[in-house]
Amino acid sequence: MLAYLIRRLIAAAVMLVVIVLVVFSIFFLVPKWAGVDIAASFVGKQADPAAVEAVREKLGLGDPIYAQVWEFFKGLFVGRTYSGGGDVTHCAAPCFGYSFRSEQAVWPVLTDRFPVTLELALGAAVLWLVFGVAAGVLSALKRGSLWDRGAMVVALAGVSLPIYFTGLLSLAIFSYGLNWIKAEYVPIEQNFTGWFGGMILPWITLAFLYAAMYARITRATMLEILGEDYIRTARAKGLRERVVIGKHAMRSTMTPVLTMLGMDLGALIGGAVLTETTFSLPGLGQKVLDAIKNQDLPFILGVTLITSLAVIVANLVVDFLYAVIDPRVRLA
């Protein structure tokens, strides 16, 4: 078990290094090859040539590629010092640079918005796991029944309807129409009740999309597993149906579900853009959307790296859960 985890940690570390190199290339090398001057983007279109040159010197954009890569890596782990044009600025680790528009350090802004995105992702994940997996299992056990057909129709609707439609519809009915829920974000430390009430509709809207997908994959996997020999053997031994389903069938069913969860949850931690925009949540998704509109590359870079790290960490957790659920993983 320990050797398995060590191998996964090493693989994750290598993957993180590769991702950082790819992100650096996309945000610094590709624009340069395309003829885009990052220093001019930082200063502005009407910039003075001397100011552009000072920024280029401060950011180290004229240094050799290997030196720029080293400074980028060093900034992520130990911080970075920017000096040029008579100005010296220290950026604490992890340093993603400064905004092209507001000149704010990127990391403090992202950490301020990160809790909102994390609350949204985790709350929705709990809902879609509980209801999606339960609906999929029941549909597989009652194959061809009215419940099965109804659940799959709802699942198809959940997959097909875009979030901005279901989100706006839920706002129109439950918030503006019936006035049951006040769709306004309140920090959890200020008022727990207000925070919970403001997050209900975003959770349900986001969970509806993912629960539909999880219900479909759970149903398909469960139907396949129920036809396996070891399930027939367990039933022939006289085991109760709930033991056959809960202890034997569900173990194998959870493997593809965990795989999806690792990818989905990791990606959502990087920002559920449509959900946050629909409900005006001050999370990473809303920030990266603003950064894209304003061509604020440092913020886009920061969210990209956070999303990549979240996916890696989520998949590490999934790999650990694989080993817990399936002993063959540990033995391999």
Side-chain angles (χ1 to χ4, degrees), residues 116-175 180-181 183 195-226 245-246 249-279 281 283 285 307 310-311 314-315 317-318 321 325:
V116 180
T117 298
L118 187 63
E119 293 162 7
L120 174 63
L122 292 180
V126 171
L127 290 179
W128 85 55
L129 268 180
V130 172
F131 291 101
V133 172
V137 171
L138 288 176
S139 294
L141 295 177
K142 299 181 178 181
R143 183 180 183 182
S145 66
L146 184 61
W147 163 267
D148 179 27
R149 295 175 182 176
M152 289 304 101
V153 168
V154 173
L156 181 61
V159 173
S160 304
L161 295 174
I163 284 181
Y164 55 82
F165 174 78
T166 55
L168 292 175
L169 185 63
S170 63
L171 282 172
I173 295 175
F174 299 106
S175 182
W180 287 357
I181 299 174
W195 166 81
F196 188 82
M199 294 298 292
I200 287 178
L201 286 182
W203 283 339
I204 293 176
T205 301
L206 187 57
F208 182 51
L209 169 64
Y210 285 90
M213 294 188 291
Y214 279 66
R216 292 170 66 88
I217 192 66
T218 302
R219 177 184 182 275
T221 307
M222 179 63 76
L223 285 174
E224 180 181 351
I225 290 170
L226 290 177
I245 300 301
M250 281 301 296
R251 270 196 166 190
S252 299
T253 303
M254 289 306 294
T255 302
V257 171
L258 286 175
T259 302
M260 291 177 59
L261 180 64
M263 297 297 294
D264 293 338
L265 188 57
L268 281 178
I269 288 177
V273 178
L274 291 178
T275 307
E276 292 180 10
T277 303
T278 301
F279 293 95
L281 298 177
T307 304
V311 171
N315 279 278
V317 175
V318 167
L321 293 176
I325 292 175

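Because the structure is a prediction, the values reported are computed rather than measured. Positions are given from 1, in the same order as the sequence printed here.
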Does any part of the side chain of Met260, heavy atoms only, come nearer than 4.5 Å to the side chain of Val257, both counted from C-beta? no
From Leu141 atom CG to Met222 atom CE, the distance as rounded to the nearest 0.5 Å: 6.0 Å
Leu258, Ile225, Val133, Leu223 screened by side-chain contact (heavy atoms from CB on, under 4.5 Å) with Thr253, the one that passes: Ile225
Minimum heavy-atom distance Gly262-Ala314, with the two atoms named: O-CB, 3.3 Å
Could you list the donor-acceptor pairs under 3.5 angstrom formed by side chains in residues 151-172, with sequence neighbours left out?
from, atom 1, to, atom 2, distance (Å)
Ser160, OG, Leu156, O, 2.7
Thr166, OG1, Pro162, O, 3.4
Thr166, OG1, Ile163, O, 3.2
Ser170, OG, Thr166, O, 3.2
Ser170, OG, Gly167, O, 2.7

Looking only at heavy atoms, which two atoms of Ala125 and Leu265 are closest? And how far apart? CB-CD1, 4.0 Å
Return all side-chain donor-acceptor pairs below 3.5 angstrom for residues 195-208, not counting sequence neighbours, or 'none' if the list is empty.
from, atom 1, to, atom 2, distance (Å)
Trp195, NE1, Glu119, OE1, 2.8
Trp203, NE1, Glu119, O, 3.1
Thr205, OG1, Leu201, O, 2.8

Contact check, side chains of Ile245 and Leu226, non-hydrogen atoms, under 4.5 Å: yes
Spatial distance of atom OG1 (Thr275) from atom CG (Leu268) [nearest 0.5 Å]: 7.5 Å
If only atom types and distance count, is the side chain of Ser145 paired as donor or acceptor with the main-chain N or O of Lys142 below 3.5 Å? yes
If the condition is salt bridge (charged side-chain N to carboxylate O under 4.0 Å, His left out), which residues does Asp148 pass it with, not counting sequence neighbours? Arg219
Rounded to the nearest 0.5 Å, what's the gap from CZ on Arg216 to OG on Ser139? Could you check? 10.5 Å
Any donor-acceptor N/O pair, Tyr210 side chain to Asp264 backbone, under 3.5 Å: no
To the closest 0.5 Å, what do you measure between OH (Tyr214) and CG (Leu127)? 13.0 Å
